[in-house]
Amino acid sequence: MGAVKLSGDNYDRIYAVVRRIPRGHVATYGQIADLAGLDGRARQVGYAMRTLTIEGVPWHRVVNARGQISARAEPGSDLIQRQLLESEGVVFDAADRLKLEDYRWRPKMDGRPRRRPRAQDSL
DNA sequence: CATATGGCTCAAC
DNA sequence: TGTTGAGCCATAT
C-alpha cells in the first residue's frame with residue numbers, strides 16, 4: 001500500500017540529528033532543521049524538543065540562532081539546559097550567551113544548498 | 001476544517 | 001546592542 005507519511009517521521013529525523021551533536025558543542029534550531037532535511041522549519045525543531053519524551057537526545061545542545069537558550073513554557077528548564085552545557089565546557093558570557101563561532105557544531109556538508117531566502121517585497 | 005500558538009529566524013530600525 | 005515586525009508551517013484544540 002502507499003506509504004502514509006507520518007509526522008512522527010520528521011521527529012525521528014530531528015532527534016537523529018540532535019543525537020549527533022558532539023559533546024561540548026551546540027547547534028541552532030535552524031541548523032538542525034537544515035540537517036534533518038526540514039530546511040526553514042526551525043520552529044518544528046523546537047516543537048520536536050517540546051514534545052520530546054524519549055531519552056538519549058541531548059536536547060540541551062540545541063540553542064537558538066543568537067547563541068542563547070530560549071525561554072520555554074516550563075520555567076527552570078532553561079537553567080537546567082545551561083548547567084548541562086556548562087558541565088560540558090560551554091561558557092556563557094554576561095549576556096547569557098555562548099559564542100556560536102566557537103561552539104557551533106560543524107558536520108560534514110559540502111555545498112549543501114542553504115535554505116531559500118525569503119521573498120522580499122521591497123527593499 | 002478553521003484558529004491559535006510556538007524552545008525560530010531574518011532583516012530593518 | 002536591543003527591539004520590532006513579519007514570515008514560516010507543524011501541532012494543538
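Sequence lines set the chain letters: A, B, ... in the order given, protein chains first and strands last, and positions in each chain run from 1. All values derive from a computational prediction rather than experimental measurement.
- Of all heavy-atom pairs spanning A/Val26 and A/Leu98, the tightest one is CG2-CD1, 3.9 Å.
- With contacts defined as side-chain heavy-atom distances shorter than 4.5 Å, the pair A/Tyr103/A/Leu85 does not qualify.
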What are the atom names and distances for every N/O pair under 3.5 Å that joins the protein to nucleotides 6-8 of chain B?
from	atom 1	to	atom 2	distance (Å)
B/dG6	O6	A/Arg43	NH1	3.3
B/dG6	N1	A/Arg43	NH1	3.4
B/dG6	N2	A/Gln44	OE1	3.3
B/dG7	O4'	A/Ala71	O	3.3
B/dG7	O6	A/Met49	O	3.4
B/dG7	N2	A/Tyr29	OH	3.2
B/dG7	N2	A/Trp59	O	3.3
B/dG7	N2	A/Val62	O	3.4
B/dG7	N3	A/Tyr29	OH	2.7
B/dC8	OP1	A/Ser70	OG	2.6
B/dC8	N3	A/Arg43	NE	3.3
B/dC8	N3	A/Arg43	NH2	3.3
B/dC8	N4	A/Arg43	NH2	2.1

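- Under the rule for a side-chain contact (heavy atoms from CB on, under 4.5 Å), the partners of A/Leu84 that lie at least two apart in sequence or sit in another chain are A/Trp59, A/His60, A/Ile80.
- When hydrophobic residues (I, L, V, M, F, W, Y) are linked wherever their side-chain heavy atoms come within less than 4.5 Å, A/Leu79 remains an isolated member.
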>> A/Arg50 vs A/Glu74, test: salt bridge (Lys or Arg N to Asp or Glu O under 4.0 Å). Steps then yes/no.
In response: CA-CA 10 Å; A/Arg50 185 198 184 191; A/Glu74 189 173 337; over 6 Å; no

When you compare the protein's N or O atoms with those of nucleotides 1-3 of chain C, which come within less than 3.5 Å of each other, and at what distance?
from	atom 1	to	atom 2	distance (Å)
C/dG2	OP2	A/Arg97	NH1	3.2

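- Distance alone, capped at 3.5 Å, is enough to place a donor-acceptor pair between the A/Asp78 side chain and the A/Gly76 backbone.
- The CG atom of A/Asp12 sits 16 Å away from the P atom of C/dA10 (whole-angstrom rounding).
- A/Arg61 and A/Glu88 make their closest contact through NH2-OE2, 2.7 Å (heavy atoms, listed as atom of the first residue, atom of the second, distance).
- A/Arg82 pairs by the side-chain contact (heavy atoms from CB on, under 4.5 Å) definition with A/Ile69, A/Glu86, A/Phe92, A/Asp96, not counting sequence neighbours.
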> Which dot-bracket notation, 5' to 3', represents the base pairing of DNA chain B when pairs are defined as Watson-Crick or G-U with both distances under 3.5 Å, crossing pairs as [ ], and inter-strand pairs as |?
Replying inline: .|||||.||||||

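- Closest approach of A/Pro107 and A/Gln31 over heavy atoms only: CD-NE2, 3.8 Å.
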> Should A/Tyr15 and A/Met49 be marked as a side chain to side chain contact (heavy atoms under 4.5 Å, CB included) after you check the CA-CA gap, both sets of side-chain angles, and the distance that decides it?
Replying inline: CA-CA 8 Å; A/Tyr15 298 149; A/Met49 296 293 107; 3.8 Å; yes

